[in-house]
Amino acid sequence: MTDTLAHPDIEQVLISSDAVQARVDELGALITGAYAGRAPILIGVLKGAVVFMTDLVRAIHLPVELDFMAVSSYGNSTETSGIVRITKDLDATIEGRDVLLVEDIVDSGMTLKYLRQYLERRDPASLRICTLLDKQVVRKADVTVEYTGFQIPDRFVVGYGLDYAERYRNLPYIGILKKSVYGG
Ligand code: IMP
Ligand code: MG
């Protein structure tokens with residue numbers, strides 16, 4: 001499927017839905033190989049990671065469990081506030097489990113740095129991070145990410161789960177949002 005009819009608020013389709021799906025399949029294969037013989041628990045960070053996670057789990061051929069956390073750090077702005085607050089904690093116990101944290105995007109890295117420390121304190125057998133997108137150039141916090149879908153430039157993107165003010169999560173591609181939409 002091509003994305004010729006991009007949403008009018010999208011300046012440019014950065015990653016087509018075909019390219020996203022192909023990369024998700026690759027990540028699924030990598031994770032399937034890395035965790036062979038084990039039953040990892042995937043923790044999705046609500047809400048941005050939901051679309052990615054639902055595709056990713058279907059590309060992982062292992063007995064997996066799913067759990068979710070919600071954090072708030074951005075409000076409705078396009079700039080990070082630097083403050084991370086957990087608004088929904090885990091349902092499951094992760095002590096002794098192989099945990100794979102699934103995120104939509106690493107920007108400053110502050111959210112993931114905080115979550116990595118928070119989860120480490122619960123004594124998982126292992127903890128790795130899988131992110132669909134990485135804006136490595138703007139990294140402020142030092143955080144290790146084991147699986148990355150795409151490195152992207154420092155532009156505000158939406159689609160495939162990523163939002164601006166809760167909108168655009170349902171676009172099937174990753175697109176650069178027009179600055180006029182957020183008054184930038
Ligand atoms: P960090 O703590 O700065 O790494 O922020 C990560 C979070 O900021 C992500 O989980 C997203 O919710 C949000 N975010 C960062 N960049 C973007 C973007 O380009 N589009 C949409 N959300 C973003
Ligand atoms: Mg997020």
Side-chain angles (χ1 to χ4, degrees), residues 15 20 24 27-28 31 35 39-60 63-136 138-150 152 156-175 177 181-182:
I15 309 167
V20 170
V24 170
L27 289 172
I31 291 164
Y35 289 87
I41 177 159
L42 272 64
I43 300 177
V45 184
L46 295 171
K47 304 168 208 167
V50 163
V51 176
F52 173 42
M53 181 139 149
T54 54
D55 280 342
L56 182 66
V57 286
R58 283 176 283 181
I60 297 176
V64 297
E65 287 177 37
L66 309 187
D67 204 345
F68 295 94
M69 290 183 75
V71 297
S72 104
S73 61
Y74 259 62
N76 281 348
S77 145
T78 58
E79 297 274 317
T80 185
S81 66
I83 299 160
V84 181
R85 191 165 56 91
I86 291 176
T87 56
K88 186 223 168 289
D89 208 339
L90 295 172
D91 291 332
T93 308
I94 58 164
E95 191 182 335
R97 299 295 306 274
D98 292 302
V99 172
L100 183 63
L101 185 64
V102 180
E103 229 326 10
D104 52 357
I105 186 165
V106 200
D107 186 359
S108 71
M110 288 194 275
T111 306
L112 278 183
K113 189 185 167 99
Y114 178 86
L115 286 176
R116 189 181 259 286
Q117 287 170 351
Y118 181 86
L119 295 171
E120 289 285 10
R121 285 202 298 274
R122 276 151 186 74
D123 290 324
S126 68
L127 174 60
R128 289 183 184 176
I129 295 175
C130 176
T131 184
L132 179 68
L133 306 175
D134 185 354
K135 291 186 196 170
Q136 207 167 33
V138 281
R139 188 64 38 78
K140 289 188 198 123
D142 179 28
V143 61
T144 306
V145 176
E146 285 80 2
Y147 302 100
T148 301
F150 301 91
I152 62 162
F156 195 81
V157 294
V158 294
Y160 200 67
L162 290 107
D163 74 307
Y164 170 67
E166 298 300 327
R167 289 186 56 202
Y168 312 106
R169 294 193 196 276
N170 58 327
L171 297 178
Y173 50 82
I174 304 289
L177 190 62
V181 176
Y182 56 89

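The chain is numbered in sequence order, starting from 1.
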Can Ile105 and Leu132 be said to form a side-chain contact (heavy atoms from CB on, under 4.5 Å), step by step?
-> CA-CA 6 Å; Ile105 186 165; Leu132 179 68; over 6 Å; no
query = With Phe52, which of Val20, Leu133, Leu27, Thr131 fulfils side-chain contact (heavy atoms from CB on, under 4.5 Å)?
reply =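 With Phe52 as partner, side-chain contact (heavy atoms from CB on, under 4.5 Å) holds for just one option, Leu27.
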### Among Pro40, Ser126, Pro124, side-chain contact (heavy atoms from CB on, under 4.5 Å) partner for Val99
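That would be Pro124.
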On a heavy-atom basis, which atom in [X] and which in [Y] lie closest, and how many Å separate them?
X	Y	value
Tyr118	Met69	CE2-CE, 3.6 Å
Val158	Leu171	CG2-CD1, 4.3 Å
Met53	Leu42	CE-O, 3.5 Å
Gly48	Asp104	CA-OD2, 3.2 Å
Val143	Gly109	CG1-O, 4.0 Å
Ser72	Thr87	CB-CG2, 4.2 Å

[atom1]-[atom2] distance between [X] and [Y], expressed to the nearest 0.5 angstrom:
X	Y	atom1	atom2	result
Ile31	Tyr147	CD1	OH	6.0 Å
Leu127	Asp98	CG	CG	10.0 Å
Arg167	Leu162	CZ	CG	15.0 Å
Phe68	Leu90	CZ	CG	11.0 Å

May I ask you to check if Arg128 and Tyr35 form a cation-pi contact, with NZ or CZ under 6.0 angstrom from the six-membered ring centre and within 45° of the axis?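 So Arg128 does make the cation-pi contact.
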Aromatic Tyr114 / basic Arg116 pairing, under 6.0 angstrom, 45° off normal
no
Dump the intermediate steps for side-chain contact (heavy atoms from CB on, under 4.5 Å) on Ile43 and Leu100, then the final yes or no. CA-CA 6 Å; Ile43 300 177; Leu100 183 63; over 6 Å; no
- Message: Test side-chain contact (heavy atoms from CB on, under 4.5 Å) on Ile41 and Leu66; report intermediate values, then the result.
- Response: CA-CA 6 Å; Ile41 177 159; Leu66 309 187; over 6 Å; no
*Give the intermediate values and the outcome of side-chain contact (heavy atoms from CB on, under 4.5 Å) for residues Asp134 and Ile152.*
CA-CA 6 Å; Asp134 185 354; Ile152 62 162; over 6 Å; no
